[in-house]
Amino acid sequence: MSKKYMIIDGIRTEFTDEQNILQVIRKAGIHVPTFCYYTDMSIYGACRMCVVEDERGSIIASCSTPPRDKMVIHTNTSKLHQHRKMILELLLASHCRDCTVCEKNGNCRLQMLAARFRLTDVRFPNTHPERTIDDSSLSIVRDPSKCILCGDCVRMCNEVQHVGAIDFANRGADMVVTPAFGKKIAETDCVNCGQCAAVCPTAAITIKNDLREVWQALYAPNKRVVAQIAPAVRVAIGEEFGLSPGKNSVGKIFTALRMLGFDTVFDTSFGADLTVVEEATELMYKLEKGDKKYPLGNSMPLFTSCCPAWVRFVETKHPDILPYVSTCKSPMEMFGAVLKEHYKPADEQSGMETISVAVMPCVAKKYEAAREEFMRNGVPDVDYVITTKELILMIKELGIQFNEIEPSAPDMPFSISSGAGVIFGVTGGVMEAALRHVAEKNNEALREIEYSGIRGLEGTKVAELEMAGKKLRVGIVNGLGNAEKLIEKLQRGEEKLDFVEVMACPYGCIGGAGQPFGYLHVKEDRAAGMYKADKSAIIKRSEENPTLMNMYENGMLKERAHELLHVHYGQE
């Protein structure tokens with residue numbers, strides 16, 4: 001049977017299961033511009049930038065047209081060139097053009113395409129409307145004056161995340177993207193995941209920037225500024241400095257942070273090790289005595305609590321399963337509490353104040369750090385959260401040549417972490433780390449977990465393993481839409497699980513909204529980088545971390561583990 005092919009700009013290009021002409025065009029190595037197309041979301045076809053011309057001269061949208069065998073199309077004709085320039089001119093005619101002071105200057109798709117098509121003048125009068133900026137959220141900022149109505153944020157929030165915090169309102173020239181009834185975003189059920197900002201091609205939705213406060217702390221002589229770096233940051237930050245996706249740059253990050261002025265730097269993988277020990281203990285307790293503690297007994301699984309957007313999703317959409325969300329704090333908050341306790345005696349003696357800064361791939365961590373549950377005597381355990389993108393801005397602002405600096409190690413005494421803590425940043429990593437803790441202490445058990453089906457970037461995975469003489473059926477989901485579907489199955493009794501890992505962002509923390517934007521192949525490379533870091537780690541299990549175990553036996557956690565490492569959401 002002969003293979004199907006298309007003729008694209010005179011080039012024969014074979015195709016198999018591509019869903020539309022645009023995918024075949026990209027396969028041919030041609031980048032047709034788009035604003036509203038993402039493979040993970042439904043076809044919207046609003047921007048019309050991806051139109052192509054067939055052999056009869058008809059203009060068709062390549063994103064919504066299936067490929068046909070022997071089809072002949074052109075991606076670059078005089079008609080198409082003028083058509084795309086006209087669209088860009090019309091968008092710019094109703095768009096804020098203060099690009100030099102825009103949050104996405106240099107990283108805005110509208111700006112990039114205007115440069116690509118050499119738009120040096122817009123023939124139409126500027127009808128840019130003055131709209132109120134919504135900065136009510138702790139995680140994102142909405143600037144409706146920069147919206148081009150591509151619908152990316154709406155489809156992400158509704159289709160992928162099943163949150164529904166924003167949608168289109170009004171018609172024609174009055175159409176806007178807004179929360180219902182013109183509410184502020186903080187007044188909605190927004191979970192702060194920031195995936196709307198991740199797909200926004202302009203600066204209509206951006207991540208809230210906390211760099212001013214961090215710089216002020218770094219410059220203050222009476223403040224000790226400590227940093228912790230989340231596992232997923234190490235495999236993404238280098239992309240902005242010419243390194244390949246998935247390259248482990250954690251050593252360079254430690255060096256860069258010291259050059260920026262941070263006094264001590266640590267790896268949040270240590271906090272992940274703490275989470276593993278506590279969460280695995282909670283899981284075993286539930287399996288043995290859950291019918292006495294939980295309102296529905298063991299009919300519902302224990303859910304992980306590392307992801308603040310997931311916790312917020314449960315609070316707003318499924319409060320009935322809140323008792324089944326682990327009481328463990330996230331690794332960031334566990335480590336934040338430990339760091340503040342560690343430096344408390346020195347602060348009291350020297351009159352210094354310790355400021356804790358977390359570098360995260362996650363936008364929802366900004367919201368988490370500000371929650372009352374993570375404050376003691378009105379003082380947060382983590383003072384500021386900055387994203388991978390914000391750290392990139394700091395490095396560029398200081399002129400640090402990231403790809404040229406030498407790597408260094410984290411500071412004592414929390415310099416040791418396990419491979420189990422590192423893989424927290426990829427979907428399935430939390431589950432694998434917890435299973436390593438309860439599994440038999442041999443390499444064969446580790447290999448069995450690795451090949452059990454819990455690895456991979458699929459939206460939903462289910463695996464069955466035998467651990468410590470017990471059969472465990474576990475689930476792993478990424479993306480809140482997938483979590484919603486799994487919850488419905490559990491509630492209907494169609495699925496029975498013991499333990500479920502949930503990450504709000506598609507593909508896990510490696511795809512967090514605070515990371516540099518990347519398509520699926522980039523996420524795959526980042527995931528591979530996480531597992532490569534785990535493979536080279538000397539310690540594979542969290543309980544083998546000597547520093548951590550000493551804290552339980554002789555240190556601050558001996559009598560205070562529950563106080564410092566656990567939280568109760570919405571419960572007395």
Side-chain angles (χ1 to χ4, degrees), residues 223-234 248-258 260-279 306 328-347 352-360 365 369 374 376 380-386 391 407-425 429-430 433 437 533-534 536-561 563-566:
K223 296 185 188 297
R224 175 190 292 106
V225 188
V226 302
Q228 57 168 301
I229 304 99
V233 175
R234 73 196 66 206
N248 187 353
S249 303
V250 69
K252 289 179 179 289
I253 297 173
F254 292 141
T255 301
L257 287 169
R258 292 188 178 101
L260 289 169
F262 286 88
D263 295 289
T264 51
V265 294
F266 303 101
D267 191 337
T268 311
S269 298
F270 183 89
D273 282 339
L274 286 169
T275 304
V276 170
V277 173
E278 295 295 317
E279 204 161 57
C306 301
C328 293
K329 294 180 179 179
S330 69
M332 180 189 84
E333 289 296 341
M334 282 193 181
F335 204 7
V338 166
L339 288 172
K340 283 290 179 82
E341 283 296 311
H342 174 73
Y343 285 110
K344 184 184 290 185
D347 287 350
M352 297 280 285
E353 179 188 2
T354 294
I355 301 297
S356 179
V357 178
V359 183
M360 294 284 135
K365 291 292 181 182
F374 301 114
R376 288 178 292 158
D381 286 326
V382 176
D383 296 283
Y384 302 110
V385 174
I386 61 173
L391 178 57
S408 59
D411 287 301
M412 295 291 285
F414 308 113
S415 58
I416 300 174
S417 56
S418 73
V422 171
I423 59 175
F424 259 54
V430 178
H437 183 70
D534 168 47
S536 63
I538 298 173
I539 300 173
K540 293 292 190 286
R541 293 179 173 88
S542 299
E543 71 276 13
E544 296 171 350
N545 185 331
T547 304
L548 181 145
M549 298 316 295
N550 184 59
M551 288 172 63
Y552 278 102
E553 294 167 5
N554 305 303
M556 72 174 74
L557 298 180
K558 186 174 182 179
E559 304 290 342
R560 303 179 62 196
E563 173 198 345
L564 294 175
L565 306 182
H566 288 258

Close side-chain approach of Leu257 and Leu391, heavy atoms under 4.5 Å: yes
Closest contact, heavy atoms only, Pro413 versus Thr547: O-CG2, 3.2 Å
Non-neighbouring partners of Phe424 that pass ring-ring contact (aromatic ring centres under 6.0 Å, His included), sequence neighbours left out: none
Beyond-backbone contact of Gln228 with Phe414, side-chain heavy atoms, under 4.5 angstrom: no
Straight-line distance of Lys365 NZ to Ile386 CD1, nearest 0.5 Å: 15.0 Å
From Thr275 atom OG1 to Lys329 atom NZ, the distance as rounded to the nearest 0.5 Å: 10.5 Å
Smallest separation among heavy atoms of Ala433 and Ile423, with atom names: N-CD1, 4.4 Å
Atom of Val382, atom of Gly336 and distance for their closest heavy-atom approach: CG2-CA, 4.0 Å
Validation row: Lys340, Asp383 side chains within 4.5 angstrom (heavy atoms): yes
side-chain contact (heavy atoms from CB on, under 4.5 Å) partners for Lys540, two or more places apart: Arg436, Leu446, Asp534
Least distance between heavy atoms, Thr268 atom then Pro231 atom: CB-CD, 4.2 Å
Flag side-chain contact, heavy atom, 4.5 Å: Asp411 against Arg258: yes
Residues, nucleotides or ligands: over 12 heavy atoms within 6.0 Å of Glu559 CD: no
Heavy-atom closest contact (Ser408 atom, Thr255 atom, distance): OG-OG1, 2.8 Å
Non-hydrogen side-chain atoms of Ile539 and Pro546 separated by less than 4.5 Å: yes
Minimal non-hydrogen separation, Asp381 against Glu333, with atom names: CB-OE1, 3.9 Å
Distance in Å, Arg234 CZ paired with Asn248 CG, rounded so as to fall on 0.5 Å steps: 5.5 Å
Reported CZ-to-OG distance for the pair Phe266 and Ser417, which is rounded to 0.5 angstrom: 12.0 Å
side-chain contact (heavy atoms from CB on, under 4.5 Å) involving Glu543 - partner list, sequence neighbours excluded: His437, Lys441, Arg541, Met549
Separation between CG of Asn550 and CG of Leu557, rounded to the nearest 0.5 Å: 10.0 Å
Trace of the side chain to side chain contact (heavy atoms under 4.5 Å, CB included) decision for Arg224 with Thr354: CA-CA 5 Å; Arg224 175 190 292 106; Thr354 294; 3.1 Å; yes
Heavy-atom check, side chain of Leu274 versus side chain of Tyr552, under 4.5 Å: yes
Aromatic plane relationship, Phe270 with Phe335 - under 30° parallel, 30 to 60° tilted, over 60° perpendicular: tilted
Test item: side-chain donor near acceptor, Ser418 and Asp273, under 3.5 Å: yes
Any Tyr384 side-chain heavy atom under 4.5 Å of Ile355 side chain: yes
Interatomic distance, Glu341 atom CD to Met551 atom CE [nearest 0.5 angstrom]: 10.0 Å
